[in-house]
2 protein chains.
Amino acid sequence: MLKATVEVRLKRGVADPEGDNTLKALNLLGFSRVAAVRFIKVFEVDLEEEDEGKAEEMLETMCRKLLANPVIHEYSIHLLH
Amino acid sequence: MLKATVEVRLKRGVADPEGDNTLKALNLLGFSRVAAVRFIKVFEVDLEEEDEGKAEEMLETMCRKLLANPVIHEYSIHLLH
């Protein structure tokens, strides 16, 4: 069993409504020294696979097919040891 | 300027519909060796603050007031150097 995290973040220049709204809410709550907030999605995945190479390949395919939208997202895969 | 990430994850035992639905979709797409998926929210925050202690305190308060729901979430704060 291997564990991995897949981090999916918006590409630079793509609107980030969740981040922007969190920033507004924080400013309204009095946190005036917060300058920016970016929202990132992380999927923590358990794989029934021992081979790290195969796991990484599988995770790449998952990102391309489901987890990330290549038009707006960039993603990074981290195997946890 | 300090950067930090705040990781907000569901407590053990709390239903994770986003993780569960991602798992189902991956299985349907043929990724049968995916055993579990957990969904984690990460906020990347830019703070106009140089003092790390003050920044951490501010981030703690943000978590308690807005970013996390103590009933269902646990959170961790990481200052980026």
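All heavy atoms count here, side chains included; hydrogens, waters and symmetry mates do not. Below, read A as the first sequence line, B as the second, and so on, with proteins coming before strands; counting in each chain starts at 1.
Per-residue heavy-atom pair counts under 4.5 Å with chain A were compared for Met1(B), Arg9(B), Glu7(B), and the maximum is reached by Arg9(B). The candidate with the highest count of non-hydrogen atom pairs below 4.5 Å against chain B, out of Ala55(A), Ala36(A), Ala25(A), Ala35(A), is Ala36(A). Chosen from Leu67(B), Val34(B), Leu23(B), the residue pairing most often with chain A at heavy-atom distances under 4.5 Å is Val34(B). Ranked by non-hydrogen atom pairs under 4.5 Å with chain A, the options Val45(B), Val6(B), Leu2(B) are led by Val45(B). Interface summary for chain A: among Met62(B), Lys41(B), Glu18(B), the most heavy-atom pairs under 4.5 angstrom belong to Met62(B).
Using a 4.5 Å cut-off between side-chain heavy atoms of Ile, Leu, Val, Met, Phe, Trp and Tyr, with links allowed through other members, Tyr75(B) and Leu10(B) fall into different hydrophobic clusters. Both Met58(A) and Val8(A) are part of a single hydrophobic cluster, where members link through side-chain heavy atoms under 4.5 Å apart. Taken together through direct or relayed side-chain contacts under 4.5 Å among Ile, Leu, Val, Met, Phe, Trp and Tyr, Ile40(A) and Ile77(B) form parts of separate hydrophobic clusters. Under the 4.5 Å side-chain heavy-atom criterion for ILVMFWY residues, no single connected hydrophobic cluster contains both Val42(B) and Val14(A).
Within 6.0 Å of CD on Glu57(B) lie no more than 12 heavy atoms contributed by other residues, nucleotides or ligands. For Lys11(A), the NZ atom is densely surrounded, since the number of other residues' heavy atoms within 6.0 Å is greater than 12.
Of all heavy-atom pairs spanning Leu29(A) and Leu66(B), the tightest one is CD1-CB, 3.9 Å. Between Ser32(A) and Glu48(B), the shortest heavy-atom contact is O-OE1, 4.3 Å.
Residue Phe43(A) touches chain B through both its backbone and its side chain, counting heavy-atom pairs closer than 4.5 Å. The contact between Phe39(B) and chain A is made by backbone and side chain atoms together, counting heavy-atom distances below 4.5 Å. Neither the backbone nor the side chain of Thr5(B) comes within contact range of chain A; no heavy atom of the residue lies under 4.5 Å from a heavy atom of that chain.
Counting heavy atoms from C-beta outward, Leu26(B) and Lys65(A) have side chains that stay 4.5 Å or more apart.
Although no hydrogens or angles enter the test, the distance criterion places no donor-acceptor pair under 3.5 Å between the side chain of Arg33(B) and the main chain of Leu47(A).
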